[in-house]
Amino acid sequence: MRKPSCDINKNKGTWSQEEDQKLIDYVNKHGDVCWSTLPQAAGLLRCGKSCRLRWMNYLRPDLKRGNFAEDEEDLIIKLHALLGNRWSLIAGRLPGRTDNEVKNYWNSHIRKKLISKGMDQNNHGLNHKMISPLQNSFMSNSSESFGLKEISKTSKTQVENYGEISNASSGEDIESYALLDINLELSL
DNA sequence: AAGTAATGCAACCGCCGAATG
DNA sequence: ACATTCGGCGGTTGCATTACT
């Protein structure tokens, strides 16, 4: 039996200011941390996963917070049409945004918007036969030209399996896909 | 003003793959 | 080769706030 990832006897729920400060102080002092040992070392009654989540989603100094700009929203819609619910990949294209934030924003705002416009929330009316090769192209280039953090094999495999694997990544084909209103230059 | 419904978002849960022993 | 641990991810839950009656 696998043991629970988090100790049920530990704190749960909203983080207090004191807890946040302890976490910030510890990470600032030690830099890269081992999340599994951090709670004890930092004097926190939380599990490592909870600490990591808190840091990644809310305490990191490079986070933007606040409302999404219109261009950010557009980009999310386009990337979602391309990648599906790969929130971490989508968030990777949006500096200062987290996967959780993007996911929440999608579920609470964009999805409703698309539904109210009568658009398919999954592919937004785009033809998957056209999207799939583009996905491959995106994924194969992503870690280099797009400056993405390394994409896990999992994600890559899942995206590859998402549609037909085609050999349509040639320059010519890509050009035709550019007809789609998906600007993968992404000025990103 | 009080009660209820809807909404937004922070946090948790469970699963997976990679790394390690 | 196998078991275990860890970090990371997407889906879901539940609480706090806001809107409505």
Side-chain angles (χ1 to χ4, degrees), chain A residues 1-24 26-27 30-42 44-70 72-73 75-117 120-124 131 135 138-139 142-143 146-163:
Chain A
M1 265 296 269
R2 191 191 171 91
K3 71 175 184 182
S5 54
C6 286
D7 187 338
I8 56 170
N9 295 319
K10 292 189 175 175
N11 277 0
K12 282 191 177 184
T14 311
W15 280 65
S16 67
Q17 274 195 328
E18 190 188 353
E19 286 178 306
D20 281 347
Q21 199 53 55
K22 279 183 181 176
L23 183 53
I24 291 168
Y26 189 88
V27 175
H30 296 86
D32 280 344
V33 296
C34 171
W35 295 111
S36 59
T37 57
L38 179 145
Q40 197 175 10
L44 288 162
L45 290 172
R46 299 272 181 173
C47 66
K49 280 179 93 164
S50 185
C51 294
R52 180 190 156 274
L53 193 75
R54 184 67 183 168
W55 175 259
M56 294 296 192
N57 286 339
Y58 305 99
L59 300 178
R60 263 163 51 198
D62 58 326
L63 293 180
K64 201 184 271 183
R65 317 295 300 161
N67 294 337
F68 280 74
E70 215 167 304
E72 287 181 304
E73 187 176 312
L75 185 55
I76 292 171
I77 293 170
K78 287 168 184 171
L79 288 171
H80 187 269
L82 191 64
L83 300 168
N85 296 356
R86 316 299 311 171
W87 304 117
S88 60
L89 288 179
I90 295 172
R93 313 297 318 145
L94 295 157
R97 301 296 187 183
T98 69
D99 54 351
N100 208 34
E101 206 177 1
V102 171
K103 179 171 59 181
N104 281 334
Y105 189 71
W106 176 270
N107 287 327
S108 58
H109 295 89
I110 301 177
R111 201 156 60 107
K112 287 174 191 169
K113 217 173 181 176
L114 293 176
I115 289 170
S116 73
K117 286 181 181 175
D120 183 344
Q121 52 170 306
N122 293 315
N123 63 16
H124 327 315
I131 290 171
Q135 285 176 324
F138 177 85
M139 297 307 292
S142 55
S143 54
F146 296 128
L148 262 183
K149 66 179 180 182
E150 191 179 323
I151 294 171
S152 72
K153 284 180 185 170
T154 324
S155 303
K156 196 166 180 176
T157 306
Q158 286 176 348
V159 171
E160 282 170 354
N161 290 338
Y162 183 70

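Here is the naming used below: chain letters follow the sequence lines, and residue numbers restart at 1 for every chain. Just the heavy atoms: all of them, side chains too, but no hydrogens, waters or symmetry mates, feed the values below. Just so you know, these numbers come straight off a predicted model, no measurement behind them.
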Trainee: So, is A/R65 close to the B/dC9 phosphate, meaning a side-chain N or O under 4.0 Å from OP1 or OP2?
Mentor: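 It does not, given that no N or O in the side chain of A/R65 lies less than 4.0 Å from OP1 or OP2 of B/dC9.
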
Trainee: Would you mind reporting whether A/L23 and A/W15 have side-chain heavy atoms less than 4.5 Å apart?
Mentor: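 Answer yes - side chains close enough.
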
Trainee: Using a 3.5 Å distance criterion without hydrogens, assess whether the side chain of A/R60 forms a donor-acceptor pair with backbone atoms of A/M56.
Mentor: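 Yes.
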
Trainee: For a quick test of reading the model: is some side-chain N or O of A/S88 closer than 4.0 Å to OP1 or OP2 of C/dG10?
Mentor: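 Indeed, a polar side-chain atom of A/S88 lies that close.
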
Trainee: Between A/R52 and A/T14, name the one whose nearest nucleotide on DNA chain C is closer to the 5' end.
Mentor: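 Taking each residue's closest nucleotide, the earlier one in sequence belongs to A/R52.
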
Trainee: Measure from CH2 on A/W106 to P on B/dT7 and round the result to the nearest Å.
Mentor: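 The answer, rounded to whole Å, is 18 Å.
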
Trainee: A/W35 CH2 to B/dC12 C1': how many Å, rounded?
Mentor: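 The distance from CH2 of A/W35 to C1' of B/dC12 comes to 17 Å, rounded to the nearest Å.
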
Trainee: Backbone N or O of A/R65 within a donor-acceptor pair of the A/R97 side chain at under 3.5 Å?
Mentor: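 Confirmed, A/R97 side chain pairs with A/R65 backbone.
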
Trainee: Is any side-chain N or O of A/S50 closer than 4.0 Å to OP1 or OP2 of B/dA11?
Mentor: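 So the side chain of A/S50 is outside the cut-off, no N or O lying under 4.0 Å from OP1 or OP2 of B/dA11.
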
Trainee: Round to the nearest Å and state the distance from A/W55 atom CH2 to C/dG8 atom C1'.
Mentor: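 Roughly 17 Å, once rounded to whole Å.
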
Trainee: Run through A/L89, A/I90, A/L75, A/V102 and flag the one making a side chain to side chain contact (heavy atoms under 4.5 Å, CB included) with A/H80.
Mentor: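 It is A/I90; the other options fail the test.
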
Trainee: Roughly, in whole Å, what's the span from NZ in A/K103 to C1' in B/dC12?
Mentor: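 That distance rounds to 10 Å.
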
Trainee: Rounded to whole Å, please give me the gap between CE in A/M56 and P in B/dA10.
Mentor: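 Between P of B/dA10 and CE of A/M56: 17 Å.
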
Trainee: I'd like to check A/E101 versus A/N57 (side-chain heavy atoms, cut-off strictly below 4.5 Å). Are they in contact?
Mentor: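 Answer no - side chains too far apart.
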
Trainee: Between A/V33 and A/W87, name the one whose nearest nucleotide on DNA chain C is closer to the 5' end.
Mentor: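 Residue closer to the 5' terminus by nearest nucleotide: A/V33.
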
Trainee: Using 4.0 Å as the upper bound for N to carboxylate O, is an ion pair formed by A/E73 and A/K113?
Mentor: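 Looking at A/E73 together with A/K113, the answer is yes, because their closest N to O distance falls below 4.0 Å.
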
Trainee: Remember a base hit wins even if backbone is also touched, and classify A/Y105 as base, sugar-phosphate or nothing at under 4.0 Å, heavy atoms.
Mentor: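 No contact at all - A/Y105 keeps every heavy atom at 4.0 Å or more from the nucleic acid.
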
Trainee: Is the phosphate of B/dC12 approached by A/R46 (side-chain N or O, under 4.0 Å from OP1 or OP2)?
Mentor: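 Answer is yes, contact under 4.0 Å.
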
Trainee: Does A/N100 reach a base, just sugar-phosphate, or nothing at all? Heavy atoms under 4.0 Å.
Mentor: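 Contact class for A/N100: base.
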
Trainee: Measuring to OP1 and OP2 of C/dC9, would you say a side-chain N or O of A/R86 lies under 4.0 angstrom away?
Mentor: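 Result: no.
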
Trainee: Expressed as a whole number of angstroms, how long is the span from A/N107:CG to B/dA6:P?
Mentor: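 Distance, rounded to whole Å: 18 Å.
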
Trainee: Rounded to whole Å, please give me the gap between NE2 in A/H109 and C1' in B/dT7.
Mentor: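 Interatomic distance, NE2 of A/H109 to C1' of B/dT7: 9 Å.
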
Trainee: I want to verify a distance call: between B/dT7, C/dG10, B/dA10, whose nearest atom is closest to the A/D99 side chain?
Mentor: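 In terms of side-chain proximity for A/D99, the closest of B/dT7, C/dG10, B/dA10 is C/dG10.
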
Trainee: Check whether any side-chain N or O of A/R54 sits under 4.0 Å from OP1 or OP2 of B/dC12, and answer yes or no.
Mentor: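 Answer is no, no contact under 4.0 Å.
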
Trainee: Do A/N104 and B/dA10 have a side chain to base donor-acceptor pair shorter than 3.5 Å?
Mentor: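 Side chain to base: pair found, below 3.5 Å.
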
Trainee: Below 3.5 Å, does any donor atom in the side chain of A/K49 face an acceptor in the base of C/dG7, or the other way round?
Mentor: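 It does not, because no donor-acceptor pair links the side chain of A/K49 to the base of C/dG7 below 3.5 Å.
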
Trainee: Take the protein atom CG of A/L63 and the nucleotide atom P of B/dA10, then report the distance between them rounded to whole Å.
Mentor: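 So the CG-P distance, A/L63 to B/dA10, works out to 11 Å.
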
